[in-house]
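Keep in mind that this is a model prediction, so the values were computed, not measured.
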Amino acid sequence: MRPVSLEQITEFQNFELDVPGMEGIAGLFTENRIDRSTLPPGVHAYDIRGGGDDGNDFCTVEPSVRVDHTGTFLTLRQIPMTDGMAVIEDYNFDGYSTFGEWFHATAPDRQPATVPAEK
């Protein structure tokens, strides 16, 4: 699957995950690969790798995943990586949002011009 621009994704799932040393990292999840060049400044994108031995679709968070890509996670927080990845210890979905709704609620001090227009 080729990466798509942020503007092409109309709905995300609200998502929160825990990795070693950090709990409650809030953000958005999509099954799409996102073209990182279309993200506003300060938004971090991480790919989620699935396919662990236990069949878990949410094994690790990584800067980029080519094989066993489950989806992409957007957040305002940088996630510390060890050996290029962080193990997902727990995760939770909580409803749906557009990027604009989430971004304005999470980062109200950001310039609206940096947020893709809602369709």
Side-chain angles (χ1 to χ4, degrees):
M1 177 188 288
R2 299 192 70 175
V4 298
S5 71
L6 182 61
E7 295 83 13
Q8 292 176 281
I9 305 170
T10 58
E11 187 173 72
F12 290 86
Q13 289 182 277
N14 299 321
F15 188 68
E16 185 176 279
L17 59 82
D18 299 342
V19 298
M22 288 182 82
E23 294 183 359
I25 305 168
L28 297 173
F29 173 82
T30 178
E31 291 180 355
N32 295 287
R33 294 179 187 271
I34 297 178
D35 178 351
R36 292 348 192 222
S37 70
T38 65
L39 297 175
V43 176
H44 304 280
Y46 298 97
D47 287 343
I48 296 177
R49 183 183 303 274
D53 293 337
D54 60 0
N56 186 357
D57 283 338
F58 296 87
C59 297
T60 60
V61 176
E62 304 176 29
S64 180
V65 169
R66 295 202 186 275
V67 177
D68 296 329
H69 180 267
T70 295
T72 302
F73 176 59
L74 302 179
T75 184
L76 298 178
R77 297 174 66 184
Q78 287 188 312
I79 299 175
M81 306 273 164
T82 302
D83 297 325
M85 58 98 167
V87 174
I88 297 174
E89 295 179 328
D90 197 15
Y91 62 93
N92 183 46
F93 290 99
D94 184 24
Y96 294 86
S97 295
T98 65
F99 179 82
E101 291 167 342
W102 172 80
F103 192 77
H104 289 297
T106 307
D109 58 332
R110 304 284 171 108
Q111 300 243 346
T114 65
V115 178
E118 298 294 321
K119 292 189 179 192

L76/H44 under side-chain contact (heavy atoms from CB on, under 4.5 Å): CA gap, chis, key distance, verdict: CA-CA 6 Å; L76 298 178; H44 304 280; 5.6 Å; no

Tell me, do Y46 and M81 make a side-chain contact under 4.5 Å, heavy atoms counted? yes

Any non-hydrogen side-chain atom of H69 less than 4.5 Å from a side-chain atom of R33? yes

Run the side chain to side chain donor-acceptor pair (under 3.5 Å) test against S97 and tell me which residues pass, sequence neighbours left out. N14

Side-chain polar contacts of residues 24-32 - donor-acceptor pairs under 3.5 angstrom, sequence neighbours left out - could you list them?
| from | atom 1 | to | atom 2 | distance (Å) |
| --- | --- | --- | --- | --- |
| T30 | OG1 | N32 | N | 3.2 |
| T30 | OG1 | N32 | ND2 | 2.8 |

Value rounded to 0.5 Å, distance of CZ in F99 from NE2 in H104: 8.5 Å

Value for CD1 (I9) from OG1 (T98), rounded to nearest 0.5 Å, stands at 12.0 Å

Could you work out, with side chain to side chain donor-acceptor pair (under 3.5 Å) as the rule, every residue matching R36, not counting sequence neighbours? D47

Find out if a path of hydrophobic residues (ILVMFWY) with successive side-chain heavy-atom gaps under 4.5 Å connects M85 to V19. no

Check the angle between the aromatic planes of Y91 and F93 and answer parallel, tilted or perpendicular using the 30° and 60° thresholds. perpendicular

Checking side-chain contact (heavy atoms from CB on, under 4.5 Å) against V43, which of L6, T106, L74 comes through? L74

Filter on salt bridge (Lys or Arg N to Asp or Glu O under 4.0 Å), then keep only pairs touching residues 71-97, sequence neighbours left out; what's left? none

Side-chain donor-acceptor distances from residues 61-68 under 3.5 Å, at least two apart:
| from | atom 1 | to | atom 2 | distance (Å) |
| --- | --- | --- | --- | --- |
| E62 | OE1 | R49 | NH2 | 3.0 |
| E62 | OE2 | R49 | NE | 2.7 |
| E62 | OE2 | T60 | OG1 | 2.7 |

What distance separates D57 CG from T70 OG1, expressed to the nearest 0.5 Å? 4.5 Å

How many angstroms lie between CE in M22 and CD1 in I79, if you round to the nearest 0.5 Å? 6.5 Å

Output all residues satisfying side chain to side chain donor-acceptor pair (under 3.5 Å) with D35, sequence neighbours left out; order by chain, then residue number. S37

Can you classify the ring geometry of F73 versus F15 as parallel (below 30°), tilted (30 to 60°) or perpendicular (above 60°)? perpendicular

Closest non-hydrogen atom pair, G51 against C59: N-SG, 4.1 Å

